[in-house]
Amino acid sequence: MLSGRRLDLLDPTPVDIEIEDIAHGLAFVARWNGQTKGDYPYSVAEHSLLVEAIFTRMHPGSSPADRLTALLHDAPEYVIGDMISPVKAAVGPSYGELDKRLAAAVHIRFGLPANTTPTLKKRIKKADKVSAWMEAVQIAGFSEAESTRFFGRPDPELIAGLDIQLRPPVEVRRDFTARHAELLRQCP
């Protein structure tokens with residue numbers, strides 16, 4: 001990693017994980033395999049910020065730890081990349097296991113439970129689907145009808161004012177790191 005840490009992907013440990021490495025990696029990993037409109041790729045870091053914002057709107061009373069979990073929901077992709085769902089399915093269960101081990105190490109590193117509860121995971125997934133709908137319509141060339149067929153139509157009030165703006169990776173990295181620090185300060 002750029003921090004100098006050596007992360008063993010098959011046996012990751014929390015002491016080898018730094019938020020700067022996560023933010024940097026996610027800011028340079030493109031969602032939608034880079035097939036989006038605009039001058040910059042839509043990064044996993046930008047997506048994570050949006051998912052956390054949507055999650056917070058959906059669950060305004062959620063704890064800072066739950067919001068931090070939402071922000072870090074795709075953190076393993078800083079080293080394993082973002083694969084579209086059909087590819088993940090083709091790779092098989094070994095991809096999911098690798099993702100799970102990395103997520104647990106990330107969570108422990110930042111004081112979160114190693115495993116996300118099924119309820120919280122479901123809530124974050126709902127926010128993730130809202131984000132996917134917005135991304136599909138705003139930057140990936142889907143019609144609203146097509147996006148709704150795949151992801152379901154979100155409540156317009158939920159997404160009001162949340163427009164996707166593609167930005168340079170350095171800006172997204174900075175904002176991701178800042179949001180992480182803000183949420184971490186709020187955690188008990």
Side-chain angles (χ1 to χ4, degrees), residues 1-35 40-52 55 63-125 127-129 131-132 135 167-188:
M1 302 291 112
L2 287 176
S3 65
R5 300 280 188 194
R6 298 289 181 249
L7 182 66
D8 181 346
L9 291 178
L10 301 178
D11 188 22
T13 62
V15 296
D16 292 325
I17 293 170
E18 298 294 339
I19 193 59
E20 292 79 9
D21 292 331
I22 293 171
H24 181 82
L26 295 182
F28 283 90
V29 173
R31 281 191 43 92
W32 300 90
N33 285 339
Q35 299 299 307
Y40 297 101
Y42 183 65
S43 73
V44 174
E46 192 78 70
H47 162 78
S48 297
L49 287 163
L50 181 59
V51 168
E52 189 265 327
F55 174 83
S63 71
D66 288 353
R67 294 192 307 265
L68 182 59
T69 304
L71 180 69
L72 295 171
H73 79 282
D74 280 338
E77 293 178 10
Y78 88 104
V79 289
I80 60 176
D82 182 31
M83 283 194 243
I84 57 175
S85 297
V87 174
K88 286 179 185 175
V91 170
S94 57
Y95 177 86
E97 287 303 313
L98 177 61
D99 183 84
K100 202 178 202 177
R101 282 194 302 273
L102 283 164
V106 167
H107 289 176
I108 292 167
R109 169 66 176 89
F110 300 113
L112 300 169
N115 298 307
T116 304
T117 66
T119 300
L120 179 56
K121 189 175 267 194
K122 192 175 184 179
R123 289 177 175 178
I124 293 169
K125 189 63 180 168
D128 197 28
K129 286 185 101 171
S131 175
E135 294 164 19
R167 305 181 291 155
V170 67
E171 289 179 22
V172 180
R173 180 181 64 205
R174 179 198 64 223
D175 290 352
F176 184 93
T177 305
R179 184 64 181 149
H180 176 270
E182 182 181 343
L183 290 169
L184 203 55
R185 275 193 303 274
Q186 296 173 19
C187 288

Enquirer: Assess the residue pair H24 and D21 against the criterion (side chain to side chain contact (heavy atoms under 4.5 Å, CB included)); give the C-alpha distance rounded to whole Å, side-chain angles, the decisive distance to 0.1 Å, and a yes or no.
Expert: CA-CA 5 Å; H24 181 82; D21 292 331; 5.8 Å; no

Enquirer: Below 4.5 Å, heavy atoms only, C-beta onward: do L72 and F176 meet side chain to side chain?
Expert: yes

Enquirer: Hey, could you give me the CG/CG distance between L112 and L68, rounded to the nearest 0.5 Å?
Expert: 4.5 Å

Enquirer: With D16, which residues qualify under side chain to side chain donor-acceptor pair (under 3.5 Å), at least two apart?
Expert: T13

Enquirer: My understanding is that only residues two or more places apart in sequence, or in another chain, count here; which of them pass side chain to side chain donor-acceptor pair (under 3.5 Å) with Q186?
Expert: R67

Enquirer: Locate the shortest heavy-atom distance separating A27 from S43; write the atom from each residue and the value.
Expert: O-CB, 3.4 Å

Enquirer: What residues, two or more places apart in sequence or in another chain, satisfy side chain to side chain contact (heavy atoms under 4.5 Å, CB included) together with A103?
Expert: P76

Enquirer: List the residues meeting side chain to side chain contact (heavy atoms under 4.5 Å, CB included) with A127, not counting sequence neighbours, and say none if there are none.
Expert: V51, I54, F55, M58

Enquirer: According to side chain to side chain donor-acceptor pair (under 3.5 Å), who are the partners of N33, at least two apart in sequence or on a separate chain?
Expert: none

Enquirer: Side chain to side chain contact (heavy atoms under 4.5 Å, CB included) between H107 and T69: does it pass, once the steps are laid out?
Expert: CA-CA 8 Å; H107 289 176; T69 304; 4.2 Å; yes

Enquirer: Less than 4.5 Å apart, side chain to side chain, heavy atoms only: is that true for I22 and I19?
Expert: yes

Enquirer: Is it the case that the side chain of H73 and the backbone of A70 share a donor-acceptor pair, with hydrogens and angles ignored and the cut-off at 3.5 Å?
Expert: yes

Enquirer: Run the side chain to side chain donor-acceptor pair (under 3.5 Å) test against E135 and tell me which residues pass, sequence neighbours left out.
Expert: R31, W32, Y42, H47, S131

Enquirer: Using the salt bridge (charged side-chain N to carboxylate O under 4.0 Å, His left out) rule, collect all pairs that involve residues 90-113, keeping only residues at least two apart or in two chains.
Expert: E18-R109

Enquirer: Could I get the full list of side chain to side chain contact (heavy atoms under 4.5 Å, CB included) partners for P168, not counting sequence neighbours?
Expert: Y40, V170, E171

Enquirer: Out of curiosity, N115 CG to I108 CD1, how far, rounded to the nearest 0.5 Å?
Expert: 8.0 Å

Enquirer: With sequence neighbours excluded, what pairs up with V79 under the side chain to side chain contact (heavy atoms under 4.5 Å, CB included) test?
Expert: M1, L7, L9, L102

Enquirer: If the threshold is 4.0 Å, N to carboxylate O, is there a salt bridge linking E182 and R185?
Expert: no

Enquirer: Considering residues at least two apart in sequence or located in another chain, which fulfil the salt bridge (charged side-chain N to carboxylate O under 4.0 Å, His left out) criterion with D128?
Expert: K125

Enquirer: Whether the D74 and S48 side chains hold a donor-acceptor pair (N or O, under 3.5 Å, no angle test) is what I'd like checked.
Expert: no

Enquirer: Can you check side chain to side chain contact (heavy atoms under 4.5 Å, CB included) on L2 and E20, steps first, answer last?
Expert: CA-CA 8 Å; L2 287 176; E20 292 79 9; over 6 Å; no

Enquirer: Looking only at heavy atoms, what is the nearest atom pair of A75 and V106, with distance?
Expert: CB-CG1, 4.0 Å

Enquirer: Using atom types as modelled, flag every donor-acceptor pair under 3.5 Å from a side chain in residues 117-124 to any protein atom, sequence neighbours excluded.
Expert:
{"unit_1": "T117", "atom_1": "OG1", "unit_2": "L120", "atom_2": "N", "d": "3.2"}

Enquirer: So which pairs with a foot in residues 74-97 pass ring-ring contact (aromatic ring centres under 6.0 Å, His included), sequence neighbours left out?
Expert: none

